Structures are given as C-alpha cells and as structure tokens.
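Given the structure is predicted, the values throughout are model-derived calculations rather than measurements. When reading the values below, keep in mind they use all heavy atoms of this one structure, side chains included, and skip hydrogens, waters and symmetry mates.
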Amino acid sequence: MSGARTAAPPAATGDLGDGTYRNPVLAADWSDPDVVRVGEDYYLTASSFGRAPGLPLLHSRDLVNWTLVGHALERLEPAAAFTAPRHDRGVWAPSLRRHDGRFWIFWGDPDHGIFQVNSPSVRGPWTAPHLVKSGLGLIDACPLWDEESGEAYLVHGWAKSRAGFNNRLTGHRMSPDGTKVLDEGRVLVDADLIPGWFTLEGPKLYRHDGWFWILAPAGGVATGWQGAFRSRSFHGPYEERTVLAQGDTDVNGPHQGGWVRTQRGEDWFLHFQQSGAHGRLVHLQPMRWGADGWPVLGDGGAPVRVHRKPDLPEQPPSRPAVDDTFPGGRFGRQWQWTANPDEGWATQHAGDGLRLGCVRTERLDDLRSVPHVLTQRLPAGACTVEVGLRLDGEAAGARAGLVVLGDAYAWIGLERAPDGTVRLTHRFAPANADRERDAAHSRPVAGDRVLLRIDVTADARCRFSYSSDDTEGPVRLGPEFAATPWRWVGALLGLFAGAPEGTGHAGTAVFSAFRVTA
C-alpha cells in the first residue's frame with residue numbers, strides 16, 4: 001500500500017547542505033545494510049526480521065539522501081511460521097546484487113535456510129522466495145557471479161543458537177541461475193583460528209584486482225570491527241586484516257555493510273552502528289585501496305562523523321518517509337505488520353485516515369505477541385510523535401492506540417468500558433512481564449476523538465500525553481518510559497486496534513494524520 005508522505009527537513013538527513021554530510025546518513029534501524037549501483041542509481045536493502053512486508057528497498061543518487069521505494073518480500077515464507085510475531089527471526093542480513101539484467105537478494109533465515117528473490121526492476125515484480133539451501137543456523141548469505149570464470153559462488157555465516165557453532169564462513173559453488181548449491185560446502189574462514197576474533201558473520205563477497213574478497217564483521221554487534229579477507233582462489237586460503245574499528249571515536253562497533261564504487265570511480269562503504277533503542281543506524285565511510293592492495297576505510301581505519309559528500313550530482317535533502325495522512329485508508333511504505341498480514345486488519349475507504357479492525361484476540365494484554373500491530377522504525381534524535389484517533393469499536397474492552405514497542409513497551413489510546421463509555425488509557429509492560437498493566441488511571445474523554453502524543457528525547461525516553469475536546473493543550477500521563485530495543489531490532493512506533501475474545505464484529509478504530517517532528 002502507499003500513502004502520502006512529506007518531504008524531510010534538512011535536519012532530518014545526514015546532508016549538511018554545504019557539500020559535506022554527517023553520520024548517520026540513515027538515522028533509524030536499517031540493520032545490516034547492503035548496497036548496489038546500477039548506472040547513476042544506488043539501491044540499499046536491510047534486515048527486516050519477522051516484519052511484513054520485508055526486504056526494504058531504498059534509493060539514492062548520492063549515497064547520503066535516501067528514500068524508501070518499496071519492499072521485495074510481500075510475505076515471509078514459510079507462511080505458517082510467521083502468523084505470529086517472530087521479532088528476532090525471519091530475514092537476516094540480506095545481500096543485494098545485480099546480475100544478468102536482474103536484481104537479486106539472498107538472505108539467511110536461521111530456522112529454515114538460505115532464500116533468494118529476484119526481479120528485472122527494483123520496483124518488482126519480485127519472484128516468490130526460493131529456498132536455495134535448507135538447514136538450521138544458515139545466515140547472512142551472499143552470492144557472487146564471477147565474470148572472469150563464469151562460475152557462481154555463495155558464502156554464508158552461522159548462528160550458534162541453531163547450529164551449535166559460529167565464527168566461521170562457509171562457501172559453496174552455486175548454479176548460475178542461483179537456485180541451488182552444487183557441493184556440500186567448505187569452511188573458507190575459521191575465525192577460531194585467528195587470535196582475538198569472535199562472532200565472525202555478515203560476509204559480503206566480491207572480486208577485485210584478481211582477488212576474491214570477503215568483507216565481514218566480527219566482535220559483536222555493539223563492540224565489533226570490520227574485517228577484510230582475500231585469496232587468489234575462492235576456496236582459500238584467506239589472509240585477514242581489520243579495516244575499520246572504533247579507535248578513539250564515538251562510533252561504537254562500526255561494521256557489517258557493503259562496498260560500492262560510484263560511476264566516477266570513488267569507493268564508499270555503508271555499515272551500521274548499534275545505538276540502543278534506535279537500533280542499527282547506517283553510516284557512510286570513504287574507502288580507498290592502499291598501496292599494498294588492501295582496502296582502507298574511513299580516516300585511516302577509523303570511522304568519520306563528518307566528511308565531504310561523494311563526488312556525485314547534488315540531490316535535495318531526503319530521508320525515508322515517516323509522516324502519513326493515510327489517503328483512502330492506505331498506509332505508506334514505511335509501515336510493516338509484526339507478522340504476515342491477514343484479511344480485515346486494515347480497510348480502504350472513500351475518505352482519509354487509517355481504519356484498523358478491532359481484531360479479537362486472547363493476547364490483547366501483550367502487544368509483543370499480537371500480529372496485527374502496524375509499525376515503523378523509531379527515528380533517532382529528539383522528536384514528537386502525534387496521531388489522531390477515533391474509536392468506533394463497539395465491544396466492551398475494544399481498544400486502540402499508539403505504542404512504543406520493544407522488549408518493554410508502553411501505549412496510549414482509547415478503550416471501550418463495560419458501560420459503553422470511551423476512556424483514555426495509558427498502559428505499559430516491562431521486559432520481564434508477560435502482560436501489561438496501567439501506567440496511569442484511565443479517564444473519560446469528551447467527544448469521540450483524541451490527539452495522542454509522545455515526546456521522545458534524544459536518548460529515547462518517552463513522555464505520553466493527549467488532547468481532547470475537554471482539555472486545554474496536551475495533558476501529560478504517567479511516568480517517563482525508556483524505550484528498549486528487541487534482541488536484534490530497534491524500538492518501533494506502532495498503531496493497533498484490538499478486542500477481547502468473543503463473537504461478533506468488535507468495530508474499528510480510525511487514525512488520522514500521523515506526524516513525527518524534530
């Protein structure tokens with residue numbers, strides 16, 4: 001679905017407007033980025049884990065200003081495994097490539113295996129997910145079509161939680177059509193044999209200057225570094241070097257991303273930085289090839305915060321959309337369900353506003369386990385989030401609201417009381433609790449509409465308030481709530497509607513004018 005979106009102000013992007021940029025260039029949880037150039041256009045994808053649609057597709061012409069243009073994965077497969085939220089499963093560390101006139105995305109699902117989709121255009125249509133290699137613990141897959149030999153290869157990492165081991169990269173010969181591996185695979189890099197290296201994962205495979213190159217991170221999400229490996233043969237042996245590390249900077253764990261060469265011959269590297277509740281923010285590093293043939297990233301191997309922009313045509317400041325007016329009940333590309341969607345969750349109509357059905361569920365007191373929550377990434381930086389809400393839910397206990405969703409969560413919204421009145425409700429659930437409880441006493445509201453508001457500080461502390469016909473300005477509710485990430489995912493902003501188990505139609509909720517302002 002596509003909805004209205006507003007242009008981002010310059011402060012919302014990494015573009016400083018003077019020929020330089022400031023990292024992050026994508027200030028939200030675009031985890032495990034990979035990038036490819038086609039002509040003068042740059043495309044990026046990222047992990048989407050258990051949310052649908054998955055495999056986001058971003059576009060840029062200068063590597064600094066990005067917009068979200070779609071998704072490559074409408075529903076997760078196998079579909080039966082994603083009828084309920086699986087926040088730390090699904091699509092891990094995809095690789096985006098262009099080959100034989102098509103775009104290709106490979107990824108590992110740690111519970112099922114390595115999948116791929118492909119399309120002649122980044123805007124689709126994309127093929128249905130194809131299982132290239134089945135198995136537990138297979139993650140972070142990347143293909144390579146070697147133009148010199150005509151051979152095709154595949155490399156991937158391992159998840160210890162499923163396979164019982166990690167810290168190694170396995171390589172296969174692959175069929176040229178990308179549908180299967182042609183051998184049992186062999187270990188290309190065993191980082192247990194490299195002193196000081198641990199949690200080697202996220203490989204990206206390239207051919208350059210007569211070498212096979214694997215750019216791969218190690219050392220853990222928040223504390224790691226970027227490694228480079230090279231060999232004259234795909235099968236090794238590989239020599240290694242650390243090419244990007246935090247050093248004396250404030251950029252912790254700079255690693256896991258992709259290399260791209262511009263049409264003007266410059267080299268750049270996109271990677272992430274783990275940033276608490278905001279998840280994995282995307283940074284852009286200059287890259288060059290040293291006299292010894294090894295890549296040099298950032299400022300001599302240390303990440304840069306501010307740098308000149310790539311030598312590319314000037315572009316207007318932009319970022320992936322966050323605002324939405326929901327024209328005709330459609331929602332913008334930035335929104336994702338917390339599981340594969342079902343019929344009746346959102347309804348298109350003649351007017352504006354997002355109309356969500358109050359889906360009946362036995363799990364209404366734990367929004368982390370509810371699939372019909374519509375979410376988008378929590379942007380980094382201080383901001384105010386606002387959305388209008390009208391509850392047309394008729395069933396006792398029907399509710400709808402605005403949530404900050406993570407390992408812990410809190411929401412503000414409306415609930416239908418047993419006596420038929422509508423009450424303003426603010427609830428939360430700690431990370432170690434299996435159900436939510438009141439963050440403030442519920443209260444009656446005048447009229448049938450409220451404006452819900454969350455003021456978010458730069459360090460993701462959230463203050464909830466509301467306005468209605470009987471208030472003068474926003475009314476603050478409850479204590480401050482500190483947003484938390486999931487295991488691998490940053491906190492999410494979400495809209496939901498639900499009702500307790502029962503029979504009959506429970507009604508709807510209508511959200512209007514979702515806005516995030518700096």
Side-chain angles (χ1 to χ4, degrees), residues 29-34 45-51 54-56 72-73 76-78 81-82 86-97 104-117 129-144 153-172 174 178 180-181 184-192 197-206 214-227 229 238 253 255-258 271-272 274 279-280 485-490:
D29 185 36
W30 302 95
S31 175
D32 313 319
D34 195 25
T45 193
S47 295
S48 51
F49 297 98
R51 303 193 301 278
L55 290 175
L73 187 63
L76 290 100
E77 295 291 344
F82 295 98
R86 298 288 185 267
H87 300 288
D88 61 349
R89 302 185 185 186
V91 177
W92 285 26
S95 294
L96 175 61
R97 294 291 182 266
W104 300 78
I105 304 179
F106 283 67
W107 73 94
D109 177 322
D111 298 302
H112 300 100
I114 295 169
F115 291 87
Q116 60 96 336
V117 293
H130 175 80
L131 186 61
V132 178
K133 179 186 177 184
S134 64
L136 289 174
L138 308 179
I139 59 171
D140 306 356
C142 183
L144 172 69
Y153 301 100
L154 182 73
V155 64
H156 67 83
W158 294 89
K160 187 174 183 178
S161 58
R162 276 73 160 185
F165 61 88
N166 67 349
N167 206 32
R168 68 188 66 170
L169 305 178
T170 295
H172 294 269
M174 183 178 71
K180 61 185 177 181
V181 294
E184 293 298 314
R186 61 186 294 177
V187 175
L188 303 183
V189 179
D190 185 347
D192 287 346
W197 284 60
F198 60 96
T199 319
L200 179 65
E201 56 189 353
K204 295 294 181 282
L205 183 59
Y206 306 95
I214 300 175
L215 302 184
V221 170
T223 56
W225 58 90
Q226 181 66 33
F229 301 83
Y238 284 83
H255 69 322
Q256 188 149 341
H271 67 90
F272 74 71
Q274 174 65 34
R280 303 175 185 182
W486 303 93
R487 186 178 182 188
W488 308 124
V489 182

Report task. Under the side chain to side chain contact (heavy atoms under 4.5 Å, CB included) rule, what do Tyr238 and Ile214 come out as? Steps first, then yes or no, please. Result -> CA-CA 9 Å; Tyr238 284 83; Ile214 300 175; 3.9 Å; yes
Query raised in the report: Would Thr170 and Trp158 satisfy side-chain hydrogen bond (donor to acceptor under 3.5 Å, both in side chains), going step by step from the backbone distance to the final call?
Result: CA-CA 8 Å; Thr170 295; Trp158 294 89; 2.8 Å; yes
Requested in this report: Begin from the C-alpha positions of Arg51 and Val489 and carry the test side chain to side chain contact (heavy atoms under 4.5 Å, CB included) through to its verdict.
Outcome: CA-CA 11 Å; Arg51 303 193 301 278; Val489 182; 3.3 Å; yes
Query raised in the report: Should Arg162 and Asp111 be marked as a salt bridge (Lys or Arg N to Asp or Glu O under 4.0 Å) after you check the CA-CA gap, both sets of side-chain angles, and the distance that decides it?
Result: CA-CA 7 Å; Arg162 276 73 160 185; Asp111 298 302; 2.9 Å; yes
Report task. Show the numbers, then the answer: is there a side chain to side chain contact (heavy atoms under 4.5 Å, CB included) between Asp32 and Phe49? Result -> CA-CA 11 Å; Asp32 313 319; Phe49 297 98; 4.2 Å; yes
Requested in this report: Start with the C-alpha gap between Gln256 and Glu201, add the side-chain angles, then the distance that decides, and say whether side chain to side chain contact (heavy atoms under 4.5 Å, CB included) holds.
Outcome: CA-CA 8 Å; Gln256 188 149 341; Glu201 56 189 353; 4.0 Å; yes
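Scanning both residues, Gly90 and Trp107, for their nearest heavy atoms gives O-CD1, 4.3 Å. Taking every heavy atom of both residues into account, Asp140 and Ala93 meet most closely at OD1-CB, 3.1 Å. A pairwise comparison of heavy atoms in Ala46 and Trp30 identifies CB-C, 3.8 Å as the closest pair. Taking each heavy atom of Val91 and Ser47 in turn, the nearest pair found is O-CB, 3.7 Å. Of all the heavy atoms in Asp29 and Gly490, the pair that sits closest is OD2-N, 3.0 Å. Taking both residues in full, the closest heavy atoms of Pro78 and Phe115 are given as CD-CZ, 4.5 Å, listed atom of the first, atom of the second, then distance.
With sequence neighbours excluded, the residues forming a side-chain contact (heavy atoms from CB on, under 4.5 Å) with His255 are Pro217, Gln226, Phe272, listed by chain and number.
Between the CG atom of Leu205 and the SG atom of Cys142 there is a distance of 5.5 Å, given to the nearest 0.5 Å. Here CD1 of Ile114 is found 11.5 Å from NE2 of His130. Values are rounded to the nearest 0.5 Å. Atom-to-atom distance recorded for Met174:CE and Leu144:CG is 8.0 Å, nearest 0.5 angstrom.
When each of Asp192, Leu188, Leu200 is checked for a side chain to side chain contact (heavy atoms under 4.5 Å, CB included) with Arg168, only Asp192 meets the rule.
Look at Asp34 and Arg97 and you find a salt bridge, because one of the NZ, NE, NH1 or NH2 atoms lies within 4.0 Å of a carboxylate O, short of that distance.
The aromatic rings of Trp197 and Phe229 sit perpendicular, their planes meeting at an angle over 60°, well past the 30° parallel limit. Ring orientation note: the planes of His156 and His172 are close to parallel, at an angle under 30° on the 30°/60° scale.
Counting heavy atoms from C-beta on, the side chains of Leu215 and Tyr206 come closer than 4.5 Å.
Side-chain atoms of Gln116 come within 3.5 Å of backbone N or O of Gly178 as a donor-acceptor pair. Not one N or O on the side chain of Asn166 forms a donor-acceptor pair closer than 3.5 Å with the backbone of Lys160. Looking only at distances, no side-chain donor or acceptor of Ser95 sits under 3.5 Å from a matching main-chain atom of Phe106. Listed for the Thr45 side chain is a donor-acceptor partner under 3.5 Å among the backbone atoms of Pro56. One N or O on the side chain of Asn167 and one on the backbone of Thr199 form a donor-acceptor pair closer than 3.5 Å.
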